[in-house]
Amino acid sequence: MSNQPIGFFDSGVGGTSIWKEVHQLLPFEHTIYLADSKNAPYGEKSKETILSYSIKNTEFLLNKGCKLIVVACNTATTNAIKELRSMFDVPFIGIEPAIKPAALNSKTNAIGILATKGTLSSELFTRTSEKFASHITVVEQVGEGLVELIESGKLNSTETKKLLKKYIGTMLALKTDYIVLGCTHYPYLIPQIKEIVGPEVTIIDSGNAVALQTKNILSQYSMLNSDKTKSRHHFFTNGTIDVLSTILEPLTPEMLIKYEDF
Ligand code: DGL
């Protein structure tokens, strides 16, 4: 069991930001990543649709022998992880917007959350926000259009920068000193966001926390790979190979990227 791969899925290429953190912390783990780009964005879809995609993605990864699944998508985690855990017999690691550290550390008592509509309207997000941030101002901003732009490789386009200015501007007007990236696609826009907010605002995401939790759970279940040779990484996409390859750079010979119509 321990030398079986860790599975990851996302609505597209964004979850690779999580894959990178996990791979850095656990370099000997084999991995399989599924980019459901054909169905992106998940953020505008109903809970039922997000759940059915998440079940399909999980089955794909389990058929390839994954020992643990990282749901590398805030939208799928907040809408489907409870059901996935009750349906399948493997450990699941999810990702949620990092409201807690932002709320605890904010000096202006105002934080901004940039996420999808599906995440911000979920029960899980509402509960976490009430638990950790009811005493401060939380500016919830849907990043409408951003996932589509990242999926088409337009990270530095004028359109992307214009949308970011609009979304971040709403937050800055309310004096937010922390911006939480609540979508795994958004870490790829950190340089562009930094240009807008300058050094006074801290940008946080949950990638590192997910990697640590993955390590803890694998160790708890005695599932860490004991074989310390080179690990293999298979990436499957039902979208374009080009964007996934570019976002994964630098590529190594152990990384195999494949198109598959799932
Ligand atoms: N990466 C997904 C997330 O973390 C993107 C959601 C989408 O496809 O809209 O929420």
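Atoms within a ligand are numbered from 1 in the order they appear, just like the ligands themselves. Note that the structure is predicted; figures quoted are calculated from it, not measured.
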For Glu260, does the CD atom sit with more than 12 other heavy atoms under 6.0 Å from it, leaving out its own atoms?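 It does: Glu260 CD has more than 12 such atoms within range.
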
Just checking Lys64: does its NZ atom have more than 12 heavy atoms from other residues, nucleotides or ligands closer to it than 6.0 angstrom? yes

Numbered atoms and elements of ligand 1 in range of [X], under 4.0 angstrom, heavy atoms:
| X | value |
| --- | --- |
| His185 | 1 (N), 2 (C), 5 (C) |
| Pro41 | 7 (C), 8 (O), 9 (O) |
| Asp10 | 1 (N), 2 (C) |

Which residue and non-hydrogen atom of the protein lie closest to [atom], and at what distance in Å?
| atom | result |
| --- | --- |
| atom 9 (O) of ligand 1 | Gly43 N, 2.7 Å |
| atom 7 (C) of ligand 1 | Tyr42 N, 3.2 Å |
| atom 10 (O) of ligand 1 | Thr75 OG1, 2.6 Å |

Would you give the length of the straight line joining atom OG of Ser206 to atom CD of Glu21, rounded to the nearest 0.5 angstrom? 10.0 Å

N/O of [X] under 3.5 Å from N/O of ligand 1, yes or no?
| X | answer |
| --- | --- |
| Thr119 | no |
| Thr116 | no |
| Thr184 | yes |

Report the residue from Val180, Ile179, Val210, Ile190 that forms a side chain to side chain contact (heavy atoms under 4.5 Å, CB included) with Asp205.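 The passing option is Ile190.
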
Could you tell me if any non-hydrogen atom of Gly15 lies under 4.0 Å from any atom of ligand 1?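 Contact check Gly15 vs ligand 1: negative.
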
Does the residue Cys183 have a heavy-atom contact with ligand 1, meaning some pair of atoms that are separated by less than 4.0 Å?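 The answer is yes: ligand 1 sits under 4.0 Å from a heavy atom of Cys183.
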
Taking the six-membered ring for Trp, are Phe236 and Phe60 closer than 6.0 Å centroid to centroid?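 Yes.
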
Kindly state whether the ring of Tyr42 and the ring of Tyr53 have centres lying under 6.0 angstrom apart. yes

Do Glu123 and Lys82 meet the salt-bridge criterion of a basic N to acidic O distance under 4.0 Å?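 A salt bridge is absent here (no side-chain N lies under 4.0 Å from a carboxylate O).
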
Result of checking Lys67, Lys228, Lys215 against Glu29 for salt bridge (Lys or Arg N to Asp or Glu O under 4.0 Å):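 Among the candidates, only Lys67 passes.
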
Given that the side chain starts at C-beta and the backbone is N, CA, C, O, which of these parts of Asn74 lies under 4.0 Å from ligand 1, counting heavy atoms, or is it both or neither? both

